[in-house]
Amino acid sequence: MKKKQISGTALKYFAIIAMTVDHIALLFFSAGTIPYYIMRLFGRFTAPIMTYLLVEGYRHTRDRKVYFKRLVLFAGIAQPIYFLFEFGRLPKNALEFLTNWNVLYTLAVALVVLVLFDSQRLSSAPSLILLGVLIGLSHFGDWSYLIPAWAIIFYCYQSDRCKMMILYCIASVTLQTLIFAKQFDSFAAFSFQYGTLFALIPISMYSGKRGGEKHLQLNHWFFYIYYPAHMIVLLVIRAMIGKL
């Protein structure tokens, strides 16, 4: 039986839906409930898929500088909205605002990491130091060190899917446990984070083609606009419900 394959466009749709479901759970469902757990587990698909698509975009884009600038631009636009959404308040000071970045920032850092791999090939001490600094900067973004780690694995082991999946699982379990476990009261409350492992299912089905059906095509700007826009809509809905 022929394995079903999906396009890059379908992967983007999947990631967007998972992100939206995850954010609905955050705003409208109580932690510890079954709907909250299931929706957040499903939401764990988004970051790995977007990282994988970042690597694919890096491989195929005509202008990597433009790609980087687009990520940085929308990271800046989304930041105040993200902060309000994530923390439910405005930042206390500039330092707090600038050390809690959204996922577009972390993806931008990962993109520069990939550029370093191509230009330096990590053949010297300065390039290794620079790599360490870049990965260190990801600490201030959503998903932290996971996104550059995933990007390196997806980029370096694309031709060996088995090794890529094994390293991805090891990195995901190890880093998520170290980074996020302390934020939860119990393993059960934290365990939905391992939903990232299931992201390998749609990723493994990727056909290697960007497109799909013409009516399903996404504009290059769609995700960048949708990311802050959907958070605004959800915050407005919650505010309106609170007034009822």
Side-chain angles (χ1 to χ4, degrees), residues 6 8-55 74-75 78-79 81-88 100-107 110 138 141-151 154 168-169 171-206 218 222-238 241:
I6 57 178
T9 296
L11 269 180
K12 284 182 183 178
Y13 271 119
F14 193 94
I16 287 169
I17 292 169
M19 176 179 66
T20 305
V21 169
D22 183 63
H23 288 172
I24 289 172
L26 271 173
L27 286 191
F28 300 104
F29 290 83
S30 299
T33 62
I34 292 176
Y36 176 89
Y37 185 92
I38 293 173
M39 293 169 75
R40 298 229 58 201
L41 186 144
F42 179 55
R44 301 306 89 191
F45 282 62
T46 302
I49 291 175
M50 294 313 299
T51 305
Y52 186 82
L53 291 173
L54 175 86
V55 174
F74 278 91
Q79 181 60 8
I81 304 162
Y82 165 79
F83 198 98
L84 184 61
F85 185 93
E86 185 73 12
F87 300 101
N100 292 280
W101 280 94
N102 60 78
V103 71
L104 296 180
Y105 161 88
T106 325
L107 288 169
S138 69
D142 194 17
W143 287 94
S144 189
Y145 307 114
L146 279 154
I147 285 181
W150 286 334
F154 290 147
Y168 170 85
C169 290
S172 298
V173 172
T174 303
L175 290 175
Q176 284 185 120
T177 303
L178 292 173
I179 296 169
F180 300 128
K182 60 186 178 183
Q183 300 174 14
F184 296 85
D185 296 330
S186 66
F187 175 79
F190 160 76
S191 59
F192 71 83
Q193 289 283 11
Y194 296 124
T196 52
L197 300 178
F198 297 107
L200 285 176
I201 297 172
I203 288 173
S204 68
M205 296 168 65
Y206 176 54
L218 287 175
F222 180 82
F223 176 78
Y224 300 101
I225 296 170
Y226 183 85
Y227 178 61
H230 90 283
M231 289 190 286
I232 292 172
V233 171
L234 292 177
L235 287 169
V236 169
I237 292 172
R238 188 176 71 168
I241 291 174

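Residue numbers start at 1 and run along the sequence shown. Model, not experiment: these values are computed from the prediction.
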So does [Y] get a backbone contact from the side chain of [X], meaning a donor-acceptor N/O pair under 3.5 Å?
{"X": "Ser186", "Y": "Ala189", "answer": "yes"}
{"X": "Thr106", "Y": "Asp142", "answer": "yes"}
{"X": "Ser191", "Y": "Ala188", "answer": "yes"}
{"X": "Ser204", "Y": "Ile201", "answer": "yes"}
{"X": "Glu86", "Y": "Tyr82", "answer": "no"}

Exercise for review: Take Tyr145 and Leu178 through the test side-chain contact (heavy atoms from CB on, under 4.5 Å) and record every step on the way to the result.
Suggested key: CA-CA 10 Å; Tyr145 307 114; Leu178 292 173; over 6 Å; no

Point to revise | Residues Trp143 and Ser138: side-chain donor-acceptor under 3.5 angstrom | key: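 Short answer, no.
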
Looking at [atom1] of [X] and [atom2] of [Y], how far apart are the two atoms once the value is rounded to the nearest 0.5 Å?
{"X": "Leu104", "Y": "Leu54", "atom1": "CG", "atom2": "CG", "result": "10.5 Å"}
{"X": "Ile203", "Y": "Phe198", "atom1": "CD1", "atom2": "CZ", "result": "13.5 Å"}
{"X": "Met19", "Y": "His230", "atom1": "CE", "atom2": "NE2", "result": "4.0 Å"}
{"X": "Thr196", "Y": "Leu41", "atom1": "OG1", "atom2": "CG", "result": "9.0 Å"}
{"X": "Phe223", "Y": "Lys12", "atom1": "CZ", "atom2": "NZ", "result": "9.5 Å"}
{"X": "Phe74", "Y": "Asn102", "atom1": "CZ", "atom2": "CG", "result": "12.0 Å"}

**Study point:** Residue pair Phe45, Phe42: steps toward the ring pair (Phe, Tyr, Trp, His ring centres under 6.0 Å) verdict
**Key:** CA-CA 6 Å; Phe45 282 62; Phe42 179 55; 5.6 Å; yes

Review point. Taking only residues at least two apart or on different chains, which pairs with a member in residues 26-54 satisfy salt bridge (charged side-chain N to carboxylate O under 4.0 Å, His left out)?
Key: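 Of all non-adjacent pairs touching residues 26-54, those that pass salt bridge (charged side-chain N to carboxylate O under 4.0 Å, His left out) are Asp22-Arg40, Asp22-Arg44.
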
Point to revise | Parallel, tilted or perpendicular, as decided by the 30° and 60° cut-offs, for the rings of Tyr37 and Phe192 | key: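 Phe192 vs Tyr37 ring planes: perpendicular.
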
Within-4.5 Å side-chain heavy-atom neighbours: [X] and [Y]:
{"X": "Leu200", "Y": "Cys169", "value": "yes"}
{"X": "Thr51", "Y": "Tyr168", "value": "no"}
{"X": "Ile81", "Y": "Tyr227", "value": "no"}
{"X": "Arg238", "Y": "Leu235", "value": "yes"}

Any idea which heavy atoms bring [X] and [Y] closest together, and the distance?
{"X": "Leu11", "Y": "Tyr52", "result": "CD1-CD2, 4.4 Å"}
{"X": "Phe222", "Y": "Ile16", "result": "CE2-CD1, 3.6 Å"}
{"X": "Ile241", "Y": "Phe28", "result": "CD1-CE2, 3.8 Å"}
{"X": "Ile49", "Y": "Pro202", "result": "CD1-CG, 3.9 Å"}
{"X": "Asn100", "Y": "Phe83", "result": "CB-CE1, 4.1 Å"}
{"X": "Pro148", "Y": "Ala110", "result": "CA-CB, 4.0 Å"}

Review point. Does CZ in Phe87 sit with more than 12 non-hydrogen atoms of other residues, nucleotides or ligands closer than 6.0 Å?
Key: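 Yes, enclosed.
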
Point to revise | Residues Thr46, Phe14; criterion side-chain contact (heavy atoms from CB on, under 4.5 Å); working and verdict | key: CA-CA 8 Å; Thr46 302; Phe14 193 94; over 6 Å; no

Review point. Please walk me through it: do Val55 and Trp150 pass side-chain contact (heavy atoms from CB on, under 4.5 Å)?
Key: CA-CA 9 Å; Val55 174; Trp150 286 334; over 6 Å; no

